[in-house]
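If you read the sequence from its start, that first residue is 1, and numbering goes on from there. When a ligand or atom number is given, it counts from 1 through the structure's own listing order.
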Amino acid sequence: MAEHETDDIPLAGRVREKLVERKQDWAREGRLLTGTTADPSRQRLPPGQTLVRDWPVLDLGVQPDVAREKFRLRVEGLVENPLRLDWEGFLALPQEEQVCDIHCVTQWSRYDNRFAGVKARALLALARPKPEARFVVLHGYDGYTTNLPLGEFDAPDAMLAHSWEGRPLTRQHGGPVRVVVPRLYFWKSAKWVTRIELRAEDQPGFWEVRGYHNHGDPWLEERYG
Ligand SMILES: Nc1nc2c(c(=O)[nH]1)N[C@H]1C(S)=C(S)[C@@H](COP(=O)(O)O)O[C@H]1N2
Ligand SMILES: [Mo]
């Protein structure tokens, strides 16, 4: 991350090492694995998940305080047209709404989340990935990273959300802007996103190097691997 962009973003809290260790243990133990898969056209809840009504907060313990005036979003790497957007630039892109379900690998699922923001596809269409671009790494202001195949980020329901249920996304849920990739476990949906990097080679992110699945499809129960 370019230092000049993150220097003046206050980071409250510290990385909760104990929590990180516990989640690594879960991956080693294969916690919650049912050993089954499911078909999303036949059931709504993926295998091993439990439905919740509230919206849990999960992160490393560091919640960046990103003022809208300081927000920057870059799309770079293997793209023909690197983007560097500020808040106004981001809001000037076509705005869309969608309702989707969330599935977190720590077992909870939450139905019918109404997000508003910019479709990942719209951003990619502007940035124009080069033919050799095949993977995406998402970078948060907290230093978090997660990786996914370009095809998953280019899915019609992948978005960069700034609102939830008609209100600005709160800081604890990754505001001002977070990624939402509903087809994958929620750790792939980077909060406080600031940089989207397109690459030829894959690069496992924070949880992916700590025992979590490189792909993370809840219907295939790709929790660990
Ligand atoms: N930048 C950032 N994004 C992140 C995380 C994080 O620690 N930092 N945690 C991930 C995990 S493990 C989950 S389950 C979801 C949780 O999002 P929520 O707190 O809005 O429920 O954010 C994901 N995105
Ligand atoms: Mo998570």
Let me confirm one number: the [atom1]-[atom2] distance from [X] to [Y], rounded to the nearest 0.5 Å.
X: Leu33; Y: Glu222; atom1: CG; atom2: CD; answer: 11.5 Å
X: Leu91; Y: Leu85; atom1: CG; atom2: CG; answer: 10.0 Å
X: Lys191; Y: Asp59; atom1: NZ; atom2: CG; answer: 4.0 Å

- Query: For Gly205, does its backbone N or O pair with a side-chain atom of Asn147 as donor and acceptor, under 3.5 Å?
  - Reply: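 Judged by distance alone, yes, a pair lies under 3.5 Å.
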
- Spell out, as yes or no, whether a donor-acceptor pair under 3.5 Å connects the side chain of Glu97 to the backbone of Ala116.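 No, because the side chain of Glu97 does not come within donor-acceptor range (under 3.5 Å) of the backbone of Ala116.
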
Atom indices of ligand 1 within 4.0 angstrom of [X] heavy atoms, with elements:
X: Trp55; answer: 18 (P), 20 (O), 21 (O)
X: Ser189; answer: 22 (O), 23 (C), 24 (N)
X: Trp207; answer: 12 (S)
X: His173; answer: 18 (P), 19 (O), 20 (O), 21 (O)
X: Trp192; answer: 1 (N), 2 (C), 8 (N)
X: Trp108; answer: 21 (O)
X: Ala190; answer: 3 (N), 24 (N)

Would you mind checking which non-hydrogen protein atom is closest to [atom], with the distance to 0.1 Å?
atom: atom 14 (S) of ligand 1; result: Cys104 SG, 3.4 Å
atom: atom 21 (O) of ligand 1; result: Pro56 O, 2.7 Å
atom: atom 9 (N) of ligand 1; result: Leu58 O, 3.4 Å
atom: atom 8 (N) of ligand 1; result: Asp142 OD2, 2.7 Å
atom: atom 13 (C) of ligand 1; result: Phe186 O, 3.8 Å
atom: atom 6 (C) of ligand 1; result: Tyr144 CD1, 3.5 Å
atom: atom 19 (O) of ligand 1; result: Lys191 NZ, 2.5 Å
atom: atom 22 (O) of ligand 1; result: Arg178 NH2, 3.5 Å

- Which one holds for Gln63 and ligand 1: side chain close, backbone close, both close, or neither close, with close meaning a heavy atom under 4.0 Å?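 Contact part for Gln63 vs ligand 1: neither.
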
- Tell me, please, which residues at least two apart from Trp87 pass ring pair (Phe, Tyr, Trp, His ring centres under 6.0 Å).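 Per chain and number, Trp87 pairs via ring pair (Phe, Tyr, Trp, His ring centres under 6.0 Å) with Phe71.
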
- Message: Looking at every non-hydrogen atom in both residues, tell me the closest pair between Trp219 and Gln43 and how far apart they are.
- Response: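 It is CH2-O, 3.2 Å.
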
- Side chains of Thr145 and His139: donor-acceptor distance under 3.5 Å anywhere?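 No donor-acceptor contact under 3.5 Å links the two side chains.
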
- Could you pull out all residues at least two apart from Thr50 that satisfy side-chain contact (heavy atoms from CB on, under 4.5 Å)?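 Applying side-chain contact (heavy atoms from CB on, under 4.5 Å) to Thr50 gives Gln107.
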
- Item | Ring geometry between His173 and Trp55 (parallel below 30°, tilted from 30 to 60°, perpendicular above 60°) |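 Taking His173 first and then Trp55, their aromatic rings lie parallel (interplane angle under 30°).
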
